[in-house]
Amino acid sequence: MIHVYNTLSREKEAFHAITPGKVNMYVCGPTVYNYIHIGNARSAIAFDVIRRYLEYSGYVVNYVSNFTDVDDKIIQRAREEGVDEMTIADKYAQAFDEDTIPLNIKPATTRSRATAVIPDIIAFVEDLIHKGYAYESAGDVYFRAKKFKGYGILAHQDLAEMEANAAGRLDDQELTRKEDPIDFAVWKASHSSDEISWVSPWGKGRPGWHIECSVMAQKYLADTIDIHGGGIDLAFPHHTNEIAQSEARTGQTFVNYWLHNGFVNVNDEKMSKSLGNFTTVHDMLAHYDDPMVIRYLLATTQYRRPINYAPDTLEQARAELERIRTAYRNVFFRISTAKTGHDDSVDYAIAEHISHFREAMDDDFNTQNAIASIFELVTIANNYASRDEIKLDTATRLTHAIADLMNVFGINGLSEHLTLSAEAQALLDKRVQARAVRDFNLSDQLRDQLSDMGIIVEDTTQGQRWHHA
RNA sequence: GGUAAUAUAGCCAAGUGGUAAGGCAACGGUCUGCAAAACCGUCAUCGCCGGUUCGACUCCGGUUAUUACCUCCA
């Protein structure tokens, strides 16, 4: 039984899918006005791992996410660059794919842009007005936060406090338009002819920030969904407002389990676009040749914990991942000469650690304990690979176990690097012959030659093995 | 000010009322023509003070520090 920490209750709860065997989940995507930074990637990877584990556990997951492609920042960026808004949005939506594919983030089942659902948004807002939860004011449409019972409970914020804070921040114009400072916009009137807008019953305008997610979740999933995810900073106001809008419209519980990922910090400070202390994934990929190491770091930290991104963290992640890859290879190179059959005690140990892995992940996706189980398998693999004789079934079981569990973290390619050019293969064969007659001069020369080609050769009691540098 | 989170070895990081998983790094050893990899071993008393208890790192009270949210933010 999977247990998840629900931000709403602040407790770990047993996870029950609305429809047995199926999970509907919605995860907030980025605003496409710049390249995504590590923090965005962390969120995407955190929920990618959750999705993969749910799938590993047998669920069919319907994963919906969005691109916010119309908002103040995009409009501003477009003006700065002298292009229209959709040029900006198109560019960075495409960049999102270019950055997330190397990180092996599975594409959403459905990923929609806000601007692709404008008619649905207008219908949603009309319904809110009709039900008395929203009102038009000078072309804007605001949601009556206080009319919605339990407003703010997700973020556990006190309504009076929020109201006082809101009043202090808003400018006079906004205060005049709102019935209450705490009300939030579901539709914004267009104030300039050169900014993107759509015709609506309230004049030309564009959607408010929160409305798109409510609309998409309902349109592509259901009135009530199993899991809604996003960064912890979205609990308020974004998700708080989503709940208010959605439940005001449907009268149903919007989300059963609210999951929020922790931040990536830089030097123990939050990384964010507004602070300007962010590193884009685009830059990282350009300067770091192994995207799986980045993935490893982000995927193996428990999703609610902060990750402190410092110079050493990637290096440590690289070392850990290399240990796992090495163990996989060590067994892999014995498979071709393995005897048929299996070894009971090793098979038993493998099953036990797979079981531990599942127990860890069932407990609110405790990736640290899960990775510890993989390291137990690593030690077993290294020991087994050094035996004089190994059995095919067990060796295969070992490599598959490691690969399958790593795949839950979205780290694959453990065996994909184990292919060679004909030229390199010829050198390796030649070296085997040289070693057979103890011609170490030639053997070492060939090893250097292979090394120059990026292939590291190692000699073991059981023969020669190699890997790419 | 309000609401939360975190504080475990050089570093990352689990965990629990009964004498602290795992990993990285380091050190010692084994194996080895060399190299590499691997294996074996060594390496903490859990921010601070007080309380409850036969016994607390784990519960309670207090305290300190750091961080985050309180309508730009994953």
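Chain letters run A, B, ... following the sequence lines, proteins first, then strands; residues in each count from 1.
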To the nearest angstrom, how far is [X] atom [atom1] from [N] atom [atom2]?
X	N	atom1	atom2	value
A:Ile307	B:rA68	CD1	C1'	16 Å
A:Phe236	B:rA68	CZ	P	18 Å
A:Glu322	B:rA37	CD	P	10 Å
A:Leu234	B:rU71	CG	C1'	12 Å
A:Met271	B:rU67	CE	P	16 Å
A:Glu161	B:rU71	CD	P	11 Å
A:His353	B:rG22	NE2	C1'	11 Å
A:Lys178	B:rU71	NZ	P	10 Å

Members of residues 39-50 of chain A that approach RNA chain B, where some heavy atom sits under 4.0 Å away: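 Within this stretch, A:Gly39, A:Asn40, A:Ser43 sit under 4.0 Å of the strand.
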RNA chain B contacts among residues 104-112 of chain A, heavy-atom distance under 4.0 Å: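 Contacts with RNA chain B under 4.0 Å: none.
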Under 4.0 Å, counting only non-hydrogen atoms across every strand here, what does [X] touch: a base, just sugar-phosphate, or nothing?
X	value
A:Asn261	base
A:Val27	nothing
A:Gly262	base
A:His210	nothing
A:Ile182	base

Among residues at least two apart in sequence or on other chains, which ones pass salt bridge (Lys or Arg N to Asp or Glu O under 4.0 Å) with [X]?
X	answer
A:Asp180	A:Lys146
A:Asp363	A:Lys12
A:Asp140	A:Arg177
A:Arg305	none

Say you pick atom [atom1] in [N] and the same atom in [M]; how far apart are they, in whole Å?
N	M	atom1	answer
B:rA25	B:rA37	P	10 Å
B:rA13	B:rG23	C1'	8 Å
B:rC57	B:rU45	C1'	7 Å
B:rG47	B:rG10	P	14 Å

Base paired to [N] (Watson-Crick or G-U; both N/O distances under 3.5 angstrom):
N	value
B:rG61	B:rC49
B:rA44	none
B:rG10	B:rC24
B:rC69	B:rG2
B:rA56	none
B:rU19	none

Side-chain donor/acceptor of A:Gln462 to backbone N/O of A:Ser386, under 3.5 Å: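 Yes, the answer is positive, given that a donor and an acceptor are paired below the 3.5 Å cut-off.
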Donor-acceptor contact present, side-chain A:Asp48 to main-chain A:Ile105, <3.5 Å: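 No: the side chain of A:Asp48 does not pair with the backbone of A:Ile105.
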Distance-only donor-acceptor test (3.5 Å): side chain A:Lys73, base B:rC73: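 There is none.
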Whether A:His468 and A:Trp466 hold their rings parallel, tilted or perpendicular, with breakpoints at 30° and 60°: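 The arrangement is perpendicular - the two ring planes meet at more than 60°.
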Plane angle bin for A:His260 and A:His239 - parallel if under 30°, tilted between 30 and 60°, otherwise perpendicular: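 Ring orientation of A:His239 relative to A:His260: tilted.
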Residue of the set A:Glu98, A:His282, A:Arg77 for which side chain to side chain donor-acceptor pair (under 3.5 Å) holds with A:Tyr92: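 Testing A:Tyr92 for a side chain to side chain donor-acceptor pair (under 3.5 Å) against A:Glu98, A:His282, A:Arg77 leaves exactly one candidate, A:Arg77.
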Distances under 3.5 Å between protein N/O atoms and the N/O atoms of nucleotides 23-28 of chain B, please, pair by pair.
from: B:rG23; atom 1: O2'; to: A:Glu320; atom 2: OE2; distance (Å): 3.2
from: B:rG23; atom 1: N2; to: A:Gln316; atom 2: NE2; distance (Å): 2.4

When you compare the side chains of [X] and [Y], does any donor N or O come within less than 3.5 Å of an acceptor on the partner?
X	Y	answer
A:Gln464	A:Arg431	yes
A:Thr68	A:Asn66	yes
A:Asn261	A:Ser43	yes
A:Ser355	A:Arg358	no
A:Asp429	A:Gln425	yes

By side chain to side chain contact (heavy atoms under 4.5 Å, CB included) - contacts of A:Pro237 (at least two apart):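 For A:Pro237 the side chain to side chain contact (heavy atoms under 4.5 Å, CB included) partners, ignoring immediate neighbours, are A:Trp209, A:His210, A:Asn241.
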For A:Ala166, all residues meeting side chain to side chain contact (heavy atoms under 4.5 Å, CB included), sequence neighbours excluded: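 With neighbours one apart ignored, the set is A:Pro181.
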Distance in Å, A:Asp69 CG paired with A:Ile196 CD1, rounded so as to fall on 0.5 Å steps: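 Rounded to the nearest 0.5 Å, the CG-CD1 separation comes to 7.5 Å.
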Ionic contact status for A:Arg113 with A:Glu212, cut-off 4.0 Å: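 Between A:Arg113 and A:Glu212 there is no salt bridge, as every charged N stays at least 4.0 Å from the carboxylate O atoms.
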Contact pattern, 5' to 3', of nucleotides 3-9 of chain B - B, S or - by protein heavy atom under 4.0 Å: SS-----
Per-nucleotide protein contact string for nucleotides 31-36 of chain B (B base, S sugar-phosphate only, - none; heavy atom under 4.0 Å): --BBBB
Residue-phosphate contact under 4.0 Å: A:Asn366 side-chain N/O, B:rA13 OP1/OP2: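 Answer no for this pair, as no side-chain N or O of A:Asn366 is under 4.0 Å from OP1 or OP2.
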OP1 or OP2 of B:rA38 under 4.0 Å from side-chain N/O of A:Asn330: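 False: A:Asn330 side-chain N/O out of range (4.0 Å or more) of B:rA38 OP1/OP2.
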Set of side chain to side chain donor-acceptor pair (under 3.5 Å) partners for A:His156, sequence neighbours left out: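 Only A:Arg10 meet the side chain to side chain donor-acceptor pair (under 3.5 Å) criterion with A:His156.
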